[in-house]
Amino acid sequence: MGGTAIKHKKSILAIIVVFFLLLSTPNQIISAKAIDQEDMKNVGDISGNTTSSGGSLRYFLGKILAFIIPINQFLAMAAKAQPEVIDIGYGENVTIDVGLMDVETGEFDTRGVPFFLNARSINFEVLEYPGGNADGSWLVSFDPPVIRPKNGEEIKSQLTISLTAPSNPKNAIKSGILKIKLKDTQAYGNLWFPPELPLFQRLLWSTSAIFTMRFGKYSGTVDTEERIIEILVRVKPYHTVRFEATPLIKLNPGEIASIPISLQNLGNYNDTYGFRVVSDYKGIKISNPVSVTLKPGERKDTLLGVAVSPNVLDMGTLYTVRIETYSIDQSNVTIAQRTVFLETRGLYVSELGWAGVLLFCVIIIFAVAFFLHRHRKISIKFHKKPEKPWDIPEKKEYLEELRKEDRKKYNTVLDEMRKEYRSSILSYNSSRKAMLKEARKIKTKESEKEKQQTPDIKKTKEIKTKESKPELPQKEEKRKSVIEKSAEMEKQRREQAILKIKKAQEKQRRKFGK
Amino acid sequence: MTKLVRSAKSTIIIAILLVSLFAVSASVKAGPFIRLNSNIDVSWGEKDFEKPVIPRDEVRRLNLTVKYKVDWGGDIARGALDAYVNSGKSALINLEVTDHSPWCSVNLESILVPVPLSTELKTSSVFLNLQLNEDAPAYGEGYVKIRASVGVMGLIGGFDKEFTLDFIAEYLPRISVSMPEGNTKEVSPTESAVFPIEVSNMGNARTTVFFKIDNIPEGWTVAVTDDVTLDEVGGSKEIAYLTVSPPKGFGYHYDEQSIIVTMTPARAEDLTNQGEPSYITVVVGSRGFSTPGFESVLFIGALLAVVVLLMMARRIKKK
């Protein structure tokens with residue numbers, strides 16, 4: 001028995017060594033759990049400890065274990081975009097590369113189809129647009145749209161992104177994330193025992209395929225891996241504004257008015273607009289419209305202040321005023337402009353003018369009143385209007401008697417009286433006109449004389465002083481002669497009238513006498 | 001007997017190896033079996049966030065430093081780690097933005113960061129891009145949560161941790177001004193023109209708007225509300241008043257003046273943080289007579305004088 005034990009001494013020793021090695025594993029577990037795994041700050045750059053007894057054996061065993069359980073990253077995949085941040089504006093295109101990334105180098109993958117795959121294809125689709133794509137503002141295309149990877153060629157596609165202004169300005173496009181889905185379709189070959197590998201590696205592969213990783217079951221299947229690529233798209237601020245058409249604006253001279261000008265933000269962000277007025281007219285004073293802030297698509301009025309100069313009479317002047325708009329973010333860039341047409345027409349009378357007109361009217365009224373008053377006075381003084389004969393008391397009595405006695409005779413007498421009155425009125429009017437004419441002539445002569453006497457003031461003064469005394473009697477004489485003439489005429493008229501009356505009375509007497 | 005012992009020996013060895021193999025495989029999935037654990041730390045430069053991020057216009061490119069190391073203990077672990085290091089493998093660290101403030105857009109340069117396996121601490125870097133919407137609240141704290149994880153790699157255990165990155169948004173001053181009663185007025189020289197100015201906040205913080213008038217015309221008196229403070233809520237309104245009094249000298253007036261009001265928004269909490277000014281221009285016309293104010297007394301006096309004169313004239317006539 002003892003001899004048998006000596007014979008198998010080597011085998012027993014090997015078993016004991018393996019037993020001890022296995023015994024050390026609980027220590028590994030305990031030591032690993034004792035360390036706070038997540039607190040990197042408590043651990044130095046190099047962490048770990050080794051034991052002295054049997055260290056080299058365990059170290060060797062570790063290497064063997066690492067060999068048996070390798071790090072398997074052949075299914076590790078990632079997608080990338082280059083660049084991953086883009087700037088784009090309305091009406092612009094940007095081209096970038098999207099594809100699969102080599103996880104080791106960080107560059108685009110060039111490994112094509114790995115030995116464990118029979119076939120592979122990669123295609124792309126847009127998963128999410130920044131701010132949505134309801135208006136079709138985003139246009140994304142891939143070149144090529146589907147990739148059939150080949151060894152040595154980068155697995156990537158050129159992505160072209162176009163952005164156009166949305167049809168509805170309210171749906172403004174703003175910055176955000178463009179998400180692209182990359183579909184990697186893989187047809188697996190023989191994963192149990194791949195013939196491409198050398199025999200030893202094939203054995204290890206098979207061990208993993210069967211026991212450890214257990215991926216052998218995927219042999220002959222088609223799998224689709226999806227990867228999301230996120231691209232940060234910064235949509236550049238688009239400063240633009242639309243002016244509403246403004247009709248011809250009519251203003252009166254001296255008017256001050258606020259003219260509303262409607263505008264709409266066609267940009268993609270909240271924007272504040274300032275204005276510059278280009279006008280070199282002196283007849284109107286124009287103030288810059290009020291700064292206005294608008295949300296995308298918002299419409300609002302701003303006010304252009306206009307003060308028209310007070311031309312007394314404006315037959316119609318056309319002014320063209322150009323309004324330039326800028327965003328306060330870029331005050332030196334004019335983003336839109338609009339010409340406003342203004343027409344000034346009308347009559348302007350200021351308050352002072354109205355007061356003048358009123359004063360003028362009052363003066364005119366006073367002058368007319370004075371003239372009438374004076375005229376009436378003269379006429380009363382020099383020409384008494386003939387009285388109606390039938391209103392003279394004596395004649396009235398006579399007529400009364402006649403009416404009672406003889407009706408016929410009464411009528412004839414009354415007719416005579418009327419005729420007589422009419423003729424006297426006519427002569428009165430003619431004489432009055434003649435009088436007025438004469439008076440005017442005298443006045444004009446006097447004024448002419450005065451004008452002739454003005455050349456030398458001193459002389460005229462001397463002449464006036466000298467001739468003032470003799471001139472007065474002349475004037476008085478003239479006036480007297482005029483008065484006398486008119487008195488004579490009046491007398492004559494009266495005499496004629498009396499003669500006529502007498503004649504009529506005689507006729508009547510004769511008739512009565514018969 | 002020898003045959004029996006030999007077969008027993010080989011069976012035991014294979015059995016032990018197989019048991020250890022499966023035991024390792026099972027323990028790796030459940031947790032670390034050998035002390036080989038991944039450890040990740042993500043950090044960023046504090047200087048990168050010293051300045052607040054400007055909403056809308058800025059894309060802040062932030063360099064994230066990804067630190068990776070393997071914690072190991074014991075000879076087996078060291079032996080295995082050395083084997084992995086010698087194979088030239090890298091730890092593939094997954095980075096994922098799990099959450100962020102709703103008013104910002106974030107992406108990473110790469111979601112997979114390879115860090116070479118080493119017995120020492122290794123670092124790698126990746127860029128994080130951050131862009132803020134224009135409604136980002138000024139000086140309000142924003143956040144980005146990044147999950148860093150690495151799966152099990154052979155005997156090396158996995159790791160998963162979330163990091164939170166904080167930042168602040170810059171003040172974006174923006175005000176909207178309207179004049180409900182127009183920007184022109186005509187008054188008599190004795191009156192004053194009052195213009196209400198309606199100011200709305202379209203910025204991202206409580207805003208104080210300062211009003212200032214430059215070049216007041218000679219002889220005119222112009223006064224405006226010094227300042228108004230608008231709440232942060234978008235579109236909150238306040239009304240300021242501009243009062244313009246024309247010259248009041250005796251006589252007839254025909255004056256016209258343009259007055260420019262400058263409005264400068266500033267963050268209410270820090271009035272030195274000011275934005276671009278906005279302007280309004282008003283036109284005021286002053287037309288009419290300006291009387292000294294006691295003209296009614298003069299008129300009554302003149303009327304009395306006329307009456308007295310008329311009475312005197314009558315008396316003289318009677319005499």
Is the backbone N or O of B:G158 less than 3.5 Å from a side-chain atom of B:S38, with the two atoms forming a donor-acceptor pair by type? no
Check each atom of B:L117 against the heavy atoms of chain A and say whether the ones under 4.5 Å are side chain, backbone, both or neither. side chain
Heavy-atom distances under 4.5 Å only: say whether B:L172 touches chain A with side chain, backbone, both or neither. neither
So which part of A:I231 gets closer than 4.5 Å to some heavy atom of chain B, the side chain, the backbone, both or neither? backbone
With only heavy atoms counted, which part of B:V113 is less than 4.5 Å from chain A, the side chain, the backbone, both or neither? neither
Using non-hydrogen atoms and a 4.5 Å limit, figure out which bit of B:S110 sits close to chain A: side chain, backbone, both or neither. side chain
Taking side chain as everything from C-beta outward and backbone as N, CA, C, O, which of these in A:K300 sits under 4.5 Å from a heavy atom of chain B? Side chain, backbone, both or neither. side chain
Taking 4.0 angstrom as the limit, do B:E186 and B:R287 come out as a salt bridge? yes
Show your reasoning for whether side-chain hydrogen bond (donor to acceptor under 3.5 Å, both in side chains) applies to A:T272 and A:T293. CA-CA 4 Å; A:T272 303; A:T293 303; 2.9 Å; yes
Reference residue B:R56; test side-chain hydrogen bond (donor to acceptor under 3.5 Å, both in side chains); the match among A:D329, A:N268, A:N270: A:D329
Non-hydrogen atoms of chain B under 4.5 Å away: do they reach the side chain of A:I286, the backbone, both or neither? neither
Ignoring hydrogens, what is the shortest heavy-atom contact between B:T281 and B:N183? Give both atom names and the distance. O-ND2, 3.2 Å
Tell me, side chain or backbone of B:E134 under 4.5 Å from chain A's heavy atoms, or both, or neither? side chain
With a 4.5 angstrom heavy-atom cut-off, is it the side chain or the backbone of B:D57 that approaches chain A, or both, or neither? both
Under the 3.5 angstrom rule, does the side chain of A:S327 hit a backbone N or O of A:Y273 as a donor-acceptor pair? no
B:K122 versus chain A, the contacting section by heavy-atom distance below 4.5 Å: neither
Test: B:R61 cationic atom under 6.0 Å from B:F127 six-membered ring centre, within 45° of axis: yes
Under 4.5 Å heavy-atom distance to chain B, tell me which part of A:V233 shows up: side chain, backbone, both or neither. neither
Can you tell whether the side chains of B:E58 and A:R234 come within less than 4.0 Å, N to carboxylate O? no
Less than 4.5 Å to any heavy atom of chain B: does that hold for the side chain of A:P237, its backbone, both, or neither? side chain
